[in-house]
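Written below as structure tokens is the structure these notes are about.
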Amino acid sequence: MADIDRVLVLNGPNLDRLGTRQPEIYGTMSLADIERMLAEHHPDVTLDVRQTNDEATLIGWMHEAVDERMPVILNPAAFTHYSYALRDAAALVTEAGLPLIEVHLSNPHARETFRHTSVISGVATGVIAGFGQHSYLLALDQVRRQA
């Protein structure tokens, strides 16, 4: 696996409620639990895990990833389906030659029809969905291969 200094793990709206929000869909682990799991899996990687319910903040973090040359693991949550502004920021990451892996805890294609479309997927390096918290582990493994 490649040497990387830091991976930015960005999480969109309502993911601060993981562990208590619809555990039958999203599981019982909190974001802090997922961060610990990732750190245990890859102790040699500095993880910068962030969450916001604000679209502008998430876009600013994507710009920071480009400026600081950081790979991104992105769970855009509800922004997945309609945020063209976030899509444009994601495109900046991949256009800079950095990996950007879109992750989802659940499988959006097995859920409501409106969740079937991602405006992010078309500019992401790849998409991992439906494996619960392990979606993040698979994404981190792939970022390590891509970086």
Side-chain angles (χ1 to χ4, degrees), residues 1-18 21-22 25-27 29-39 41-42 44-147:
M1 291 190 179
D3 291 329
I4 55 173
D5 296 322
R6 189 168 147 200
V7 176
L8 198 52
V9 183
L10 301 179
N11 297 278
N14 299 311
L15 292 173
D16 56 331
R17 300 297 182 172
L18 285 181
R21 177 181 174 236
Q22 296 180 287
I25 295 173
Y26 301 110
M29 291 183 84
S30 68
L31 257 185
D33 295 333
I34 291 171
E35 181 175 5
R36 276 190 294 279
M37 178 187 64
L38 293 172
H41 188 69
H42 286 289
D44 55 328
V45 175
T46 301
L47 299 168
D48 189 347
V49 180
R50 304 177 188 180
Q51 186 280 328
T52 184
N53 295 319
D54 179 66
E55 185 178 26
T57 299
L58 194 54
I59 291 166
W61 290 341
M62 299 290 274
H63 295 171
E64 180 183 340
V66 172
D67 294 344
E68 296 189 20
R69 307 285 309 153
M70 287 184 288
V72 175
I73 295 170
L74 172 65
N75 185 338
F79 294 142
T80 301
H81 315 295
Y82 68 88
S83 178
Y84 295 105
L86 183 59
R87 180 196 192 281
D88 290 347
L92 292 172
V93 174
T94 55
E95 288 167 2
L98 298 164
L100 183 140
I101 309 295
E102 178 184 349
V103 298
H104 298 282
L105 295 160
S106 68
N107 177 356
H109 298 285
R111 299 186 59 199
E112 303 93 338
T113 304
F114 77 90
R115 296 184 194 275
H116 295 183
T117 300
S118 168
V119 300
I120 308 298
S121 295
V123 297
T125 305
V127 180
I128 299 172
F131 298 102
Q133 69 273 10
H134 297 297
S135 293
Y136 286 88
L137 281 175
L138 293 167
L140 183 55
D141 288 343
Q142 188 57 38
V143 164
R144 298 283 313 272
R145 287 183 192 93
Q146 295 280 317

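Heads up: numbering here begins at 1 and tracks the sequence.
To the nearest 0.5 angstrom, Leu15 atom CG is 11.5 Å from Ser30 atom OG. Leu138 CG to His41 NE2: the interatomic distance, rounded to the nearest 0.5 Å, is 8.0 Å. Of the inter-residue distances, the one linking Leu74 atom CG with Asn11 atom CG reads 8.0 Å to the nearest 0.5 angstrom. To the nearest 0.5 angstrom, Tyr136 atom OH is 11.5 Å from Ile128 atom CD1. One finds the CG atom of Leu18 at 7.5 Å from the CG atom of Asn75 (value rounded to the nearest 0.5 Å). The CE atom of Met37 sits 4.0 Å away from the CG atom of Leu137 when rounded to the nearest 0.5 Å.
Residue Tyr82 places its OH atom among more than 12 non-hydrogen atoms of other residues, nucleotides or ligands, all under 6.0 Å distant.
If you run side-chain contact (heavy atoms from CB on, under 4.5 Å) between Leu86 and each of Thr80, Ile120, Leu10, only Ile120 comes through.
Not a single donor-acceptor pair under 3.5 Å links the side chain of Glu102 to the backbone N or O of Gly126. Side-chain N or O atoms of Thr94 include one that pairs as donor or acceptor with a backbone N or O of Val123 at under 3.5 Å. Of the possible polar contacts, one joining the Ser135 side chain to the His104 backbone as a donor-acceptor pair under 3.5 Å is found. Although no hydrogens or angles enter the test, the distance criterion places no donor-acceptor pair under 3.5 Å between the side chain of Asn14 and the main chain of Asn53. Side chain of Arg69 to main chain of Ala96: a donor-acceptor pair is present (N/O by atom type, distance under 3.5 Å, no hydrogens or angles). A donor-acceptor pair is defined here as one N or O able to donate and one able to accept, closer than 3.5 Å; no such pair exists between the side chain of Asp67 and the backbone of Glu64.
For the pair Ser83 and Val119, the tightest heavy-atom approach, listed with the atom from each and the gap, is O-CG2, 3.6 Å. In terms of heavy-atom proximity, Ala139 sits nearest to Ile101 at CB-CG2, 3.6 Å. Smallest separation of non-hydrogen atoms from Leu47 and Glu35: CD1-O, 4.3 Å. Closest heavy-atom contact between Thr125 and Pro99: OG1-CA, 3.5 Å.
A salt bridge is defined here as a Lys NZ or Arg NE, NH1 or NH2 lying under 4.0 Å from an Asp or Glu carboxylate O, and Arg144 with Asp141 fails to meet this definition.
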